[in-house]
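What follows is a set of notes on a single structure, which appears directly below.
We count residues from 1, following the sequence as given.
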Amino acid sequence: MTDKVFALVDCNNFYASCERVFDPRLENKPVVVLSNNDGCLIARSNEAKALGFAMGAPLFKVERKLRQQGVHVLSSNYPLYGDMSNRVMDVLSGFAPDIEIYSIDECFLDLSGMQGFDLLDYGRQIRNTITRWTGIPVSVGIGATKTLAKLANHMAKKNPASGGVVRLTDTTRAEALRAVQIGDVWGIGRRWAKKLQGFGVMTAFDFTKMERSSVRQMMGVVGTKTWEELQGLSCHDLETMPPPRKTAVVSRSFGGIVKSYDELSEALSLFTARAAEKLRRQNLLCGRLSVFIRTNRFKTDSRQYRGTADVALNPPTCHTGDMTRAALKALRGVYRPGLGYKQAGVWLLDLQHRDSAAGDLFAPQPCGQGQKLMQALDHINQRFGGETVHMGARLKTSGWHMKQNRRSPRYTTNWSELLNIG
């Protein structure tokens with residue numbers, strides 16, 4: 001057996017919990033959060049789940065029932081959720097030498113070397129500290145592998161008697177595996193679950209009783225590693241450094257139909273600026289940029305169109321001005337007047353790390369003399385708000401903005417929306 005120990009900390013109903021931190025009136029009330037343009041349900045509190053509202057349900061189909069059941073309906077507030085996630089991760093970094101931020105609301109901790117401690121009590125300390133310092137409730141799963149930690153976390157969420165913390169040991173693992181359906185095992189997925197169920201493999205325990213050779217033949221290396229991890233053999237280490245990105249996309253569906261070139265150019269200018277900011281934060285450069293626009297594919301009574309154009313960036317850059325000029329050049333080539341557009345976006349390709357970017361003897365250095373300008377721009381926007389300084393291509397139109405009619409204030413990232421107590 002392995003001497004490794006992992007913990008998975010998962011924020012409970014994260015989006016709804018973020019809203020409750022700043023609006024205690026939502027405590028113990030059914031809450032749902034909507035997707036972009038207030039289209040579908042993407043997050044539900046436990047109370048909303050108990051009322052039968054399904055993940056991904058279109059708002060227009062359930063809006064009447066939401067009102068009848070007294071459900072609080074909120075637009076997504078990603079600046080708030082992202083900032084609260086950073087606060088949770090900062091707290092977790094103090095509980096282990098190495099952590100892996102797995103998603104906006106999940107984090108693995110390496111607790112290896114702490115087997116002599118009461119890890120259940122340590123998990124409770126983690127849980128209580130996060131709740132006390134951030135207001136976000138979490139569940140903690142502890143196991144000898146990342147897969148077992150994930151499974152333990154699943155059990156902690158499902159079993160209120162656990163107090164939100166479950167540790168799987170060699171003596172408790174078999175019983176726990178019997179209680180977990182094969183489809184709930186991290187890494188199995190719906191397709192493999194259905195196939196395994198056809199062979200009578202209904203639980204995680206059934207899966208561990210399969211012959212390793214049979215698993216390898218059926219599911220390959222990935223399935224075999226999942227099988228071994230359920231046996232307590234660690235196959236997946238923490239990924240403390242995310243793998244280098246090769247592409248990135250920033251796109252949005254518009255709140256209404258956009259027809260004018262000016263509105264499209266403003267939207268793409270904003271998307272490009274956001275993308276360039278991400279590149280600079282990750283010390284990346286972009287070698288090629290692609291722009292796409294498309295009409296409403298759900299509107300069958302109108303002409304459908306999707307336009308895409310690429311522009312090479314030589315040298316590779318992360319300068320907002322250079323990238324915006326390239327994006328607008330691409331837009332001019334694909335824009336068709338008279339159509340109603342519903343979505344647009346910018347796709348960054350050929351990403352490379354600044355320190356390893358291939359140089360061009362006859363071209364200016366990546367980001368050139370504008371590097372200090374971009375640093376100043378980022379500093380100002382970080383301090384005073386993301387839209388304080390922007391490119392002149394940004395106009396003052398608003399028809400393309402997302403529908404966020406129910407958005408709560410951005411309490412932690414916008415000075416004008418700070419919480420007032422009085």
Has the side chain of Thr134 got a donor or acceptor atom that lies under 3.5 Å from a matching backbone atom of Thr131?
no

Can you see which heavy atom on Phe207 is nearest to which on Gly223, and at what distance?
CZ-O, 3.9 Å

Check each of Asn128, Thr129, Asp121 against Gln125 using the side-chain hydrogen bond (donor to acceptor under 3.5 Å, both in side chains) test, and report the only one that passes.
Asp121

Within the supplied structure, the quantity of interest is the number of heavy atoms (other residues, nucleotides, ligands) at a distance under 6.0 Å from Glu175 CD; does it exceed 12?
no

Taking ring-ring contact (aromatic ring centres under 6.0 Å, His included) as the test, write out the residues that go with Phe95, two or more places apart.
Tyr122

Where do His236 and Phe6 come nearest, in terms of heavy atoms and distance?
O-CZ, 3.8 Å

If you count heavy atoms of other groups shown closer than 6.0 angstrom to OH of Tyr305, is the number above 12?
yes

Interatomic spacing from CZ in Arg167 to CG in Asp118 - rounded to 0.5 Å
8.5 Å

Nearest heavy-atom pair of Leu111 and Ala96: which atoms, and what distance?
CD2-CB, 4.1 Å

Sequence neighbours excluded, the answer for salt bridge (Lys or Arg N to Asp or Glu O under 4.0 Å) partners of Asp98 is none

Kindly say whether Pro409 contributes a backbone atom to a donor-acceptor pair with the side chain of Asn77 at under 3.5 angstrom?
yes

Which pair of non-hydrogen atoms, one from Leu109 and one from Leu92, has the smallest distance, and what is that distance?
CD2-O, 4.1 Å

Between Ser35 (side chain only) and Asp38 (backbone N and O only), is there a donor and an acceptor less than 3.5 Å apart?
no

For the student: nearest non-hydrogen atoms of Met323 and Leu289, plus distance:
O-CD1, 3.7 Å

Hey, can you pull the donor-acceptor pairs under 3.5 Å for the side chains in residues 185-199, sequence neighbours left out?
from	atom 1	to	atom 2	distance (Å)
Trp186	NE1	Tyr102	OH	3.1

What residues, two or more places apart in sequence or in another chain, satisfy side-chain hydrogen bond (donor to acceptor under 3.5 Å, both in side chains) together with Lys150?
Glu106

Any donor-acceptor pair under 3.5 Å linking the side chain of Asp184 with the backbone of Val180?
no

Donor-acceptor contact present, side-chain Asp110 to main-chain Ser112, <3.5 Å:
yes

Decide, yes or no, whether a salt bridge links Glu100 with Lys146 under the criterion of side-chain N to carboxylate O below 4.0 Å.
yes

Closer than 3.5 angstrom, by distance alone: can the side chain of Arg288 be matched with the main-chain N or O of Leu313 as a donor-acceptor pair?
no

For residues Ala156 and Ser162, report the shortest heavy-atom separation together with the two atoms involved.
O-OG, 3.3 Å

With no hydrogens and no angle check, just 3.5 Å: does a side-chain donor-acceptor pair link Ser269 and Thr272?
no

Salt bridge (Lys or Arg N to Asp or Glu O under 4.0 Å) involving Arg407 - partner list, sequence neighbours excluded
Glu417

Scan the side chains in residues 14-31 for donor-acceptor partners under 3.5 Å anywhere in the protein, sequence neighbours excluded, and list what turns up.
from	atom 1	to	atom 2	distance (Å)
Ser17	OG	Asn12	O	2.6
Ser17	OG	Asn13	O	3.1
Glu19	OE1	Ser408	OG	2.7
Glu19	OE2	Tyr81	OH	2.7
Glu19	OE2	Ser408	OG	3.2
Arg20	NE	Leu26	O	3.0
Arg20	NH2	Leu26	O	3.4
Arg20	NH2	Lys29	O	2.7
Arg20	NH2	Glu47	OE1	2.9
Asp23	OD1	Arg25	N	3.3
Asp23	OD1	Arg25	NE	2.9
Asp23	OD2	Arg25	NH2	3.3

Flag yes if more than 12 heavy atoms outside Lys61 fall under 6.0 Å of its NZ atom; otherwise flag no.
no

